[in-house]
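These notes are about the structure you will find just below.
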Amino acid sequence: MNPKSFIDTHKERMLNELFELLRIPSISADPAYNDQVAACAEHIAAHMKNLGIQNVNIYPTKGHPIVYGDFLIDPALPTVLVYGHYDVQPADPIELWDNDPFDPIIKATDIHPEGAIFARGACDDKGQMFMHLKAFEVLQAEGGVPCNVKFMIEGEEEVGSSNLGPFLSEHKDMLACDTILISDTGMIANDTPSITTGLRGLSYVEVEVTGPNRDLHSGLYGGAVANPINILTQMVASLHNEKGEITVEGFYDGVEIVSDDERALMAQAPFSQEAFKKSIGISDVWGEEGYSTPERTSIRPTLDVNGIWGGYIGEGAKTVIPSKAYAKISMRLVPGQDPDAITEKFTQHFINIAPASVSVKVTPHHGGLPYVTQSTDPAYQSASAAYERTFGKPALPVRSGGSIPIVALFEQILGAKSILMGFGLDSDAIHSPNEHYGVFNYFKGIETIPYFYHNYVNQMK
Ligand code: BES
Ligand code: MN
Ligand code: MN
């Protein structure tokens with residue numbers, strides 16, 4: 001098998017095919033794009049059929065459809081289930097993009113001197129998901145696919161995958177597998193491959209603080225009536241103490257304590273605090289006392305306001321005490337924390353700290369369980385050896401701060417562990433304007449994945 005030479009002769013086409021996929025604005029959060037999301041599912045299904053993948057089917061859900069296809073050669077051989085998502089985040093704020101987010105272009109950057117593909121979904125997750133279809137093509141051309149492969153590509157990851165859990169339960173036999181292969185995370189750097197061994201969970205709530213029953217003149221009433229925005233900001237500020245710890249009653253109950261040995265191992269992964277600060281334009285970091293920056297973004301839970309609004313935000317000045325104030329709050333969770341229990345604790349706490357002058361309402365959004373896996377897992381070993389082959393060094397295990405809620409459900413419902421072979425970089429601006437994905441990373445992924453299959457088949461013998 002020689003993935004490199006096959007890729008070299010088909011580079012241009014493999015890029016053009018990804019560009020076609022990136023041109024479809026499959027924004028799952030905005031109903032105005034429902035037809036485009038459906039068109040994207042059709043596009044992927046058609047591409048799978050062209051590759052010779054069998055039983056290709058588009059499964060409708062209450063939300064966006066799931067694309068499934070498989071290639072089953074021998075029940076005695078292991079089965080790999082590839083998961084990815086074809087939906088993308090909204091492109092806004094659109095005016096901060098340097099190109100049309102749905103008309104991909106290639107531009108060189110400092111980190112990607114060989115060029116990067118700029119488009120919404122380039123890295124998260126169309127570019128990474130599509131590597132798996134191209135890797136399948138490589139396998140077929142270079143001696144054949146060595147085991148059973150199933151593909152499940154969903155269209156609701158960016159909105160919480162709420163219909164995928166039930167789909168897993170309803171199609172347990174169809175989705176039965178030995179391991180799940182996912183490229184929807186990142187790696188340390190283009191010369192430092194890593195495998196993600198943990199994902200944080202998520203609890204996401206929206207809060208509404210209500211004061212007077214209507215907006216009031218801030219001169220006639222100001223000083224005598226609680227201003228919901230003032231109150232909300234005080235309440236939000238009180239959610240962290242001076243040590244950067246979260247004050248929600250019971251928030252840390254059961255949180256898994258990472259051993260000193262493991263923390264020492266983590267500290268060996270290359271990380272520059274200076275480069276970190278510079279890359280996002282901050283003069284100092286912030287966070288929970290007693291933990292390093294990489295620890296704060298992986299093994300520790302967090303609480304953040306994602307949006308806050310209320311009152312007058314239009315042109316000029318309007319003197320008003322608003323009736324209501326709102327905030328969207330996310331909590332990233334670690335092993336030992338349950339999203340529903342955390343949502344409940346937050347709700348209780350937020351009601352408890354509200355002064356009598358306002359009323360509060362807390363509405364839960366989507367959530368997800370945290371996930372961890374071990375570097376002793378056979379799929380991990382196979383992946384690490386694959387990186388060693390194509391990067392010249394084995395991958396480092398790294399726990400990520402992001403969330404892919406379905407991964408914990410894969411383990412619960414399908415009884416299979418996931419191997420997170422992500423090829424993105426933190427600097428690729430996923431969910432942000434000017435999202436991009438390195439051309440190097442795209443082709444390196446396509447080159448590395450075939451070795452994973454071969455290593456895994458050998459490992460499982
Ligand atoms: N692919 C990301 C998650 C990710 C990115 C994990 C980089 C690790 C490294 C995924 O598409 C995502 O954005 N997840 C959301 C959660 C979801 C419920 C909206 C997240 O982490 O905010
Ligand atoms: Mn993703
Ligand atoms: Mn995402």
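Numbering of ligands and ligand atoms starts at 1, following listing order. In what follows, every heavy atom counts, from backbone to side chain, and hydrogens, waters and symmetry copies are set aside.
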> Using a heavy-atom cut-off of under 4.0 Å, does the side chain or the backbone of Thr196 touch ligand 1, or both, or neither?
Replying inline: neither

>> So is Pro405 touching ligand 1 or not, going by heavy atoms under 4.0 Å?
In response: yes

>> Tell me the contacting part of Ser403 for ligand 1: side chain, backbone, both, or neither, using a 4.0 Å heavy-atom threshold, strictly below.
In response: both

> Got the closest protein heavy atom to atom 19 (C) of ligand 1, with its distance?
Replying inline: Glu158 O, 3.6 Å

> When the ring planes of Phe452 and Tyr456 are compared, do they come out parallel, tilted or perpendicular, using 30° and 60° as the limits?
Replying inline: parallel

> Any idea which part of Asp124 is under 4.0 Å from ligand 1, heavy-atom wise: side chain, backbone, both or neither?
Replying inline: side chain

>> Checking a contact table here: which protein heavy atom is nearest atom 8 (C) of ligand 1, and how many Å away?
In response: Ser400 OG, 3.1 Å

> Would Lys345 and Glu249 pass as an ion pair if we require N to O under 4.0 Å?
Replying inline: no

>> Using modelled atom types and a 3.5 Å cut-off, is there a donor and acceptor pairing between side-chain atoms of Glu114 and backbone atoms of Ala108?
In response: no

>> A cation-pi test, strictly: NZ or CZ of Lys444 under 6.0 Å from the centre of the six-membered ring of Phe423 and no more than 45 degrees from its axis. Yes or no?
In response: no

>> For atom 4 (C) of ligand 1, which of the options Val88, Asp184, Asp125 provides the nearest non-hydrogen atom?
In response: Asp184

> Mind checking whether Tyr442 and Tyr437 have parallel, tilted or perpendicular rings, split at 30° and 60°?
Replying inline: perpendicular

> Quick one: angle Asp184 OD2 - the Mn ion (ligand 2) - His85 NE2, to the nearest 10°?
Replying inline: 80°

> For atom 12 (C) of ligand 1, which of Arg332, Glu157, Arg399 has the closest heavy atom?
Replying inline: Glu157

> Do you know which N/O/S atom name in Glu158 is closest to the Mn ion (ligand 3)?
Replying inline: OE2

> Taking 2.8 Å as the cut-off, does an N/O/S atom of Asp124 lie below it from the Mn ion (ligand 2)?
Replying inline: yes

> With respect to Met48, which candidate in Asn57, Val56, Asp70 satisfies the side-chain contact (heavy atoms from CB on, under 4.5 Å) definition?
Replying inline: Val56

> If you measure from each non-hydrogen atom of His431 to ligand 1, which part falls under 4.0 Å: side chain, backbone, both or neither?
Replying inline: side chain

>> Counting neighbours of CD on Glu256 that are heavy atoms of other residues, nucleotides or ligands and sit closer than 6.0 Å, is the number greater than 12?
In response: yes

>> If we only consider heavy atoms of His85, is any one of them less than 4.0 Å away from an atom in ligand 1?
In response: yes

> Parallel under 30°, tilted from 30 to 60°, perpendicular over 60°: which one fits the rings of Tyr204 and His366?
Replying inline: tilted

>> Could you check whether atom OH of Tyr33 has more than 12 heavy atoms from other residues, nucleotides or ligands sitting under 6.0 Å from it?
In response: no

